[in-house]
Number of protein chains: 2
Amino acid sequence: MHMKATVPITAADLKSACSQCNLLELCLPFGMTETEVNRLDELVGTRRKIKRQQHLYRAGDPFEAIYAIRIGWFKTDVVLEDGREQVTGFQMTGEMLGLDGISTEAHSCNAIALEDSEVCVIAYDKLEELSRQIEGLQHQFHKVMSREIVRDHGVMMLLGSMRAEERLAAFLINLSQRFTARGFAASEFHLRMTRDEIGSYLGLKLETVSRAFSRFQEEGLISVQQKHVRLLDIPALRKIIQHPSVMR
Amino acid sequence: MHMKATVPITAADLKSACSQCNLLELCLPFGMTETEVNRLDELVGTRRKIKRQQHLYRAGDPFEAIYAIRIGWFKTDVVLEDGREQVTGFQMTGEMLGLDGISTEAHSCNAIALEDSEVCVIAYDKLEELSRQIEGLQHQFHKVMSREIVRDHGVMMLLGSMRAEERLAAFLINLSQRFTARGFAASEFHLRMTRDEIGSYLGLKLETVSRAFSRFQEEGLISVQQKHVRLLDIPALRKIIQHPSVMR
DNA sequence: TCTTGTGGTTGACGTGGATCAACGGTCTGT
DNA sequence: ACAGACCGTTGATCCACGTCAACCACAAGA
């Protein structure tokens with residue numbers, strides 16, 4: 001009954017999508033009653049599988065739906081006319097994609113799968129309709145958008161005011177927290193993105209990212225082997241963030 | 001009948017706040033019918049005057065309302081424990097403040113008036129209630145939040161991938177567009193913020209901002225005199241943004 | 001098994017913007 | 001109208017990170 005990438009799954013597969021999903025606490029249904037969650041199921045009409053390196057949507061695509069990641073990892077990026085790319089975020093299970101599209105009715109960035117992934121497709125007009133009826137859904141949706149704004153401000157702080165090693169430390173701590181929230185190991189994980197993509201996100205070149213990784217390893221803060229990372233001294237990493245090693 | 005800073009105006013002053021306001025097209029009521037806008041007036045319970053350098057809210061303050069700027073300018077910033085400040089935005093007439101507070105029910109940044117200003121206070125619970133009843137309000141509110149997310153991504157691009165002069169050019173072009181949208185002169189305006197604040201926003205030191213201004217002036221792209229700026233060659237400024245002067 | 005390509009590491013060197021410092025101009029409040 | 005603090009400009013120097021380049025590790029496919 002399962003099928004190829006990006007092809008919708010049949011209705012049968014979807015019965016009670018949200019109500020059966022173990023992501024409840026991270027995703028849209030958070031804070032809603034059981035009966036409300038059951039109504040939410042009408043919302044999630046289809047799922048989509050996206051293969052590694054494929055686009056979920058592209059900048060300029062008409063906006064119709066937002067997406068909740070069920071399985072996998074994505075990056076979002078914006079590209080300047082001259083080809084410069086800026087990764088604006090890495091999204092994992094339970095996180096939302098596509099909110100950028102609401103403002104102009106077209107997506108303003110690209111969303112690309114970092115590994116084979118699966119998303120819930122949430123038709124936007126239906127979401128608005130349903131959130132006029134379900135207070136909890138409305139509120140949770142607003143929270144999700146607001147959280148994205150707060151996250152973005154954190155990235156600005158990172159890009160505008162932090163040094164290379166502080167940025168990388170902040171990045172690793174952030175990943176660790178998000179894994180923890182999902183019940184995964186806090187201090188050992190596989191990166192799904194390349195050094196180049198990390199660099200783009202952090203406003204650094206890949207060589208600088210690589211050197212920062214090596215430095216952290218020399219100092220015993222982490223161990224790295226390609227994409228496999230183990231955080232050995234999380235308190236020390238936290239200290240790096242709030243503690244300008246040099247100057248102000 | 002007028003009073004001191006931050007003291008609410010009496011109900012009498014407010015009659016038909018939104019419906020009388022000439023900011024309609026930029027603010028929340030955009031796209032709503034006349035009768036709907038009249039209902040919006042219940043929403044804007046009070047206005048608040050904020051004197052230059054005063055806080056509209058601080059990081060950590062409980063979140064109760066969002067604010068629409070009627071008159072004036074604000075900056076928002078986040079501050080690290082060690083004192084480093086990152087300006088996350090400059091907001092002008094018709095723009096919304098406080099959206100960051102929804103996610104955690106507390107504000108996550110500071111909002112500070114750059115000049116004597118006045119805002120409409122929009123109680124957030126009422127806004128949610130009313131936007132469950134008025135489709136156009138709901139949609140416009142979502143657009144405003146989404147627009148903020150898109151803007152933030154633009155700032156990330158700026159901070160992560162652009163050089164000092166590109167950043168400043170982008171900043172000036174952006175201001176120019178926002179003035180234009182409000183019916184002000186596109187190419188001549190007063191900056192409400194200091195070089196230091198511009199630098200914080202752009203991830204640069206004030207000296208670098210000052211030098212970039214001087215360079216633009218030498219090249220005949222602008223004329224600057226303290227806070228007074230005139231854009232003499234907007235196409236050239238645009239070119240700087242998309243045109244890495246050196247390398248990729 | 002070998003081959004090819006992509007991704008990661010490390011070193012040597014260059015540079016854009018930060019830092020430090022001095023000074024001049026201009027608002028702000030009294 | 002004045003004093004003082006704040007703000008902006010400019011020059012000299014420094015350094016964190018970018019650039020260029022060589023090489024290595026690993027994964028995927030033949």
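Side chains included, hydrogens not; waters and symmetry mates left out as well; all remaining heavy atoms used.
- With hydrogens and angles left out, the side chain of Arg211(B) and the base of dT19(C) share a donor-acceptor pair within 3.5 Å.
- With rounding to whole Å, Glu207(A) atom CD is found 10 Å from dC20(D) atom P.
- Distance, Arg215(A) CZ to dC17(D) C1': 11 Å, rounded to whole Å.
- Backbone-only contact: Leu204(B) has heavy atoms under 4.0 Å from sugar-phosphate atoms and none from a base.
- Straight-line distance from the CG atom of Leu158(B) to the P atom of dG17(C): 12 Å, rounded to whole Å.
- A straight line from CD of Gln217(A) to C1' of dT10(C) spans 14 Å, rounded to a whole angstrom.
- Contact check, Thr208(A) against dC17(D): no side-chain N or O comes under 4.0 Å of OP1 or OP2.
- Of the candidate nucleotides dA16(D), dT9(C), dG17(C), dG17(C) has the atom nearest to the side chain of Arg163(B).
- Formation of a donor-acceptor pair under 3.5 Å by the Asp116(B) side chain with backbone atoms of Arg52(B) is found in this model.
- With Asn110(B) contributing its side chain and Ala59(B) its backbone, the two residues share a donor-acceptor pair below 3.5 Å.
- If you measure from atom NZ of Lys205(B) to atom C1' of dC15(D), you get 14 Å, rounded to the nearest angstrom.
- Distance, Phe213(A) CZ to dT10(C) P: 12 Å, rounded to whole Å.
- One N or O on the side chain of Arg192(B) and one on the backbone of His190(B) form a donor-acceptor pair closer than 3.5 Å.
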Restricting to nitrogen or oxygen on both sides, can you table the protein-nucleotides 23-30 of chain C pairs closer than 3.5 Å?
none

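- Side-chain atoms of Ser176(A) do not come within 3.5 Å of backbone N or O of Leu172(A) as any donor-acceptor pair.
- Under the 30°/60° scheme for interplanar angles, the aromatic rings of Phe184(A) and Phe179(A) are found to stand perpendicular.
- Gln91(A) and Thr76(A) share a donor-acceptor pair across their side chains, judged by distance under 3.5 Å alone.
- Residue-level contact check: Gly203(B) touches the backbone only, with heavy atoms under 4.0 Å from sugar-phosphate atoms and none from bases.
- Using a 4.0 Å cut-off, no side-chain N or O of Lys227(A) falls inside it from OP1 or OP2 of dG7(C).
- Note: CG (Asp196(B)) to P (dT19(C)) measures 12 Å, nearest angstrom.
- A donor-acceptor pair shorter than 3.5 Å can be found between the side chains of His228(A) and Glu188(A).
- With DNA chain D read from its 5' end, the first of the two nearest nucleotides for Ser214(B) and Gln53(B) is the one closest to Gln53(B).
- The CZ-C1' distance, from Phe216(B) to dT10(D), rounds to 18 Å in whole Å.
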